[in-house]
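Remember, predicted model here, so these are calculated numbers, not experimental data. In what follows, chains carry the letters A, B, and so on, assigned in the order in which the sequence lines appear, proteins first and then strands, with residues in each chain numbered from 1.
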Protein chains: 2
Amino acid sequence: MVKAADRAKNPARSSVWLEKRATRSGGGPAGLDRDRIVAASIRMLDEEGLAKLSMRKLATELGVTAMSLYWYVDTKDDIIEFAMDSVYGEFDLAAIDAARDWQDRIRVLAREYRAMLVRHTWMSPSAGQYLNIGPNAIAVAYKIQQAISDTGLSLDRQPGAMSAVFQFVYGYGTIESQFGRRAAEAGMSQDEFYVDSVKAFRDDPEFSPQIEGMQEILDERASHGSVGAIWDRDFDHALDVLIAGIEVMVAREAEGARRQK
Amino acid sequence: MVKAADRAKNPARSSVWLEKRATRSGGGPAGLDRDRIVAASIRMLDEEGLAKLSMRKLATELGVTAMSLYWYVDTKDDIIEFAMDSVYGEFDLAAIDAARDWQDRIRVLAREYRAMLVRHTWMSPSAGQYLNIGPNAIAVAYKIQQAISDTGLSLDRQPGAMSAVFQFVYGYGTIESQFGRRAAEAGMSQDEFYVDSVKAFRDDPEFSPQIEGMQEILDERASHGSVGAIWDRDFDHALDVLIAGIEVMVAREAEGARRQK
DNA sequence: ACCTGAACACCGTTCAAGT
DNA sequence: ACCTGAACACCGTTCAAGT
């Protein structure tokens, strides 16, 4: 088994996914196995958040001491890597394949990605820190890459288009899920939390000159309805922008090719 | 002074920026003040990373014990919030104002934002977790909002367009800066680290069927040049997509208004 | 007003020892 | 093969005490 310290020295091996591991299930005296550990950690991460997960608490939840976990993983980071890939497995790949055209396929993928980030608030801070090359993450990346390929864009424009869409979704999902997490931690609904935040922001005399200019955006948003509805609307509008932008790039490339003749 | 525990109970007051604080400078016996603490923390965060910053080490750096810091801040989180806003102050607001049109202004803002995230690798994980309503962050947000307003989009479409551009930049800057951080931690250049990662990824027999389909993208990228050049190119291409998309939305709204007559 | 020492309640991880 | 107890080297933060 490759130890964490060894992996740190060899970055090519810096992910749990790059070693073969036996995956016996529940054979031991405590009935422990990696799947049970990962499932329990996802449950705890969802309920208590990334900061609250500790090896000792996770072990207690599993009726075992912290040190037992080290038989199945090398470090705490490994557990989070396994948990992340397990969550990537929640993507509904069939729904993605059922999409009519690339526009629709990108929308479905974006919506699933966003929903996943919001459902598991610990995913976005974690996703930034690890390589994400587990089998389920790769499967999703492949679907994304295919959808972008289907646009007909040239190979050198595809990565940019892919980034535009899916780094946007990552950023949006991060802000949305962290907002939800903060509201939940404060014991408030998102609507209550939003009203409170805007009020506090508005009351501070230090920023009033600039707030004037931002006031109408805040008012427009407030008039639109619940915070949840605003998140949905703005996300859809952003996807409209991104898809229209890709369509323009595709058309420009077609135009360029015609002129070449 | 509002204690951290009190703020947690009152989320409207959940940011350091919502309380007035005296900002005496260096009056004490140890010559300590908040500005010195924040400056030292930024230096340490840049050099050692978010995970390595501790109150004890920061204090040692300042020639003082950890507990002294608690005279100037309530929690470690406060220090990070102050450090973040200080970094938002690095934006070149004059360069943004000098831009010719909204397209150019968005490009300049996006490039500055990206550069800031890459320069300070601890910013993106931190930015996800805090409210970001310090004076410098607000000033930047105001510039962004103005650039979007200048597009001529209707008020209800502006937030979506803003998200599309700046959540993309956040997501892209996050991946790029974390990649750089990982490479640096492994003591490698980005190019070495990239080659190593792709090789490891490719060698794993478990994913080979899917890798086939992604091979040509990897090859195209490798043929383009250094990793740094690829980051730049893909970022520019993504901005092309985003700006073209906003132009389409503006045109559609103008079309809709004409038909109404 | 500003700074400290000692202490509390935690961490992740190692290592030798048990069954 | 699997699990544990004790220990190491850390954390952030509180509190009473010093100057």
Using atom names, set out every protein N or O paired with an N or O of nucleotides 17-19 of chain D below 3.5 Å, distance rounded to 0.1 Å.
none

Whole angstrom is fine here: how far is it from [atom1] in [X] over to [atom2] in [N]?
X	N	atom1	atom2	answer
A/K76	D/dC10	NZ	P	18 Å
B/L58	D/dT13	CG	P	12 Å
A/L62	D/dC2	CG	P	16 Å
B/M44	D/dC11	CE	C1'	14 Å
B/D77	D/dC11	CG	C1'	14 Å

Which atoms form the tightest heavy-atom contact between [X] and [Y], and what is the distance?
X	Y	answer
A/D191	A/V227	OD1-N, 2.8 Å
B/A83	B/S41	CB-OG, 3.9 Å
B/I96	B/L109	CD1-CD2, 3.5 Å
B/H120	B/D46	ND1-OD1, 2.7 Å
A/A127	A/Y88	CB-OH, 4.5 Å
B/D234	B/R221	OD2-NH2, 2.8 Å

Output a table of nitrogen or oxygen pairs between the protein and nucleotides 3-6 of chain D separated by less than 3.5 Å.
{"unit_1": "D/dC3", "atom_1": "OP1", "unit_2": "A/A30", "atom_2": "N", "d": "2.7"}
{"unit_1": "D/dC3", "atom_1": "OP2", "unit_2": "A/Y72", "atom_2": "OH", "d": "2.6"}
{"unit_1": "D/dT4", "atom_1": "OP2", "unit_2": "A/T65", "atom_2": "N", "d": "2.9"}
{"unit_1": "D/dT4", "atom_1": "OP2", "unit_2": "A/T65", "atom_2": "OG1", "d": "3.0"}
{"unit_1": "D/dT4", "atom_1": "OP2", "unit_2": "A/S68", "atom_2": "OG", "d": "2.3"}

Take B/E61 and B/K57, measure what salt bridge (Lys or Arg N to Asp or Glu O under 4.0 Å) needs, and give me the verdict at the end.
-> CA-CA 6 Å; B/E61 189 84 357; B/K57 274 193 269 186; over 6 Å; no
Considering Watson-Crick and G-U wobble pairs with both distances under 3.5 Å, what does D/dT13 pair with?
->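 Across any shown strand, D/dT13 pairs with C/dA7.
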Under a 3.5 Å cut-off for both distances, is D/dT19 Watson-Crick or wobble paired, and to whom?
->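 Paired with C/dA1.
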Parallel, tilted or perpendicular for A/Y170 and B/Y170, by the 30°/60° rule?
->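 Judged by the thresholds at 30° and 60°, the geometry between A/Y170 and B/Y170 is parallel.
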Going through the distances and angles, do A/T65 and A/Y70 end up as a side chain to side chain contact (heavy atoms under 4.5 Å, CB included)?
-> CA-CA 10 Å; A/T65 68; A/Y70 287 93; over 6 Å; no
Indicate yes or no for a side-chain donor-acceptor contact from A/Y72 to the backbone of A/L32 under 3.5 Å, with no hydrogens or angles considered.
->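 Such a contact is found between A/Y72 side chain and A/L32 backbone.
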Can you tell me how far P in C/dA9 sits from the matching atom in D/dA9, rounded to whole Å?
->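 Nearest-Å result for C/dA9 against D/dA9 at atom P: 22 Å.
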Give me the residues of residues 47-57 of chain B where at least one heavy atom lies under 4.0 Å from an atom of DNA chain C, by number, or none.
->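 Residues of residues 47-57 of chain B under 4.0 Å from DNA chain C: none.
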A/F235-A/F168 aromatic ring centre distance below 6.0 Å |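 For A/F235 and A/F168, the ring centres are under 6.0 Å apart.
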